[in-house]
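Each remark here refers to the structure printed beneath this line.
Source: prediction; values computed, not measured. What's counted below: heavy atoms across the whole structure, side chains too, no hydrogens, waters or symmetry copies. Numbering of ligands and ligand atoms starts at 1, following listing order.
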Amino acid sequence: MLTVYSSDHHLHRGVELKDGAITESFENPLRAETVLAQVRAAGLGDVIAPRAFDRACYAGAHSARYVEFLAGAWDEWTATGRTCQALPLVWPVHAMPSSATLPEFIDGKLGFFAMDAGAPINAGTWDAVSASANSALTGAELLSNGGARAAFALCRPPGHHAGHEYMGGYCYLNNAAIAAQALLGRHRRVAILDTDMHHGQGVQEIFYGRDDVLYVSIHGDPTNFYPVVAGYEEETGAGPGDGYNLNLPMPHGAPESTFFERLDDALRALARFQPDALVLALGFDIYKDDPQSQVAVTTDGFGRLGGAIGALGLPTVIVQEGGYHLESLDANARAFFGGFAAAR
Ligand SMILES: [Zn+2]
């Protein structure tokens, strides 16, 4: 297995409001460094840098105008004299007749292209975000050109909450969706399995009307849990995509056995779809002590998950999503990749 990693992720770090105070976001650089150290320590194969890709390679997952906005947002923001991180402060509400029109002013654009205030932009955000997406693309390319049967895109920022035309939930470009789109150049049918604690509503939106990409997600019940707006069982796809979107929510506080029951359901769906390649959106935030967790997956459980994915024997791009319990990230990453490698 090859790991694709760019130190450019250090160029992006956000802050967030917590208990009335501004603190560093727990989506921070230490997350990626902790997993990288484990990949190196466990001898899981070479670590390579992503190659550069043209912005056009993000098309299929994102609109050109959204990518253009992301790339230029910081310059537009600082041109107004502000140097703090850029966050949306206004959102176009549906009741307004002009709400579908792209605003010209950066403050309007920030709201237009955001689902929430969870994706701040600072000076290095675009470089970090594009390096993260390029890591996923490099992983997909390695599979397609025969350079590897499995690749780990150590992405930061994460991506699965980024939609066709919006950022949110720490996500800007949808790394898993971009990888799946790239794999379709060489593979006929691609499945995305998302085992992050949160539903990847961005992935769902991007492929909702399509039958060439199956999206299966195991996540916490979104009724009162992020991303709230999607992740329900009745969301099964639309038009040609009907039946190609499978949501497997778990009740909050579920035991580890519930996760593995959902995983069995997910693996059955994959077997029916018969993909030629797999993208795993891997979140470590299902760990029992993660601050975001609503399910009690253990370190041993990560090994079992890795084994189940490895045993599929598919060309696989593993894309890193969430995971915020720094103290356990190394052990959980070691367990997952150990299980994965042993089953190949
Ligand atoms: Zn998550």
Subject >> Sequence-distant partners of Phe259, ring pair (Phe, Tyr, Trp, His ring centres under 6.0 Å), two or more places apart >> reply: none
**OP:** Output all residues satisfying ring pair (Phe, Tyr, Trp, His ring centres under 6.0 Å) with Phe340, sequence neighbours left out; order by chain, then residue number.
**Re:** none
Subject >> Stacked cation flag Arg65 on Phe69, 6.0 angstrom / 45 deg >> reply: no
Original post:
Are any N, O or S atoms from Asp196 nearer to the Zn ion (ligand 1) than 2.8 Å?
Top reply: yes
Original post:
Does the shortest distance from the Zn ion (ligand 1) to an N/O/S atom of His198 fall below 2.8 Å?
Top reply: yes
**OP:** Taking the six-membered ring for Trp and the single ring otherwise, decide whether the centroids of Tyr58 and His62 are under 6.0 Å apart.
**Re:** no
**OP:** Specify which N/O/S atom of Asp285 comes nearest to the Zn ion (ligand 1), by atom name.
**Re:** OD2
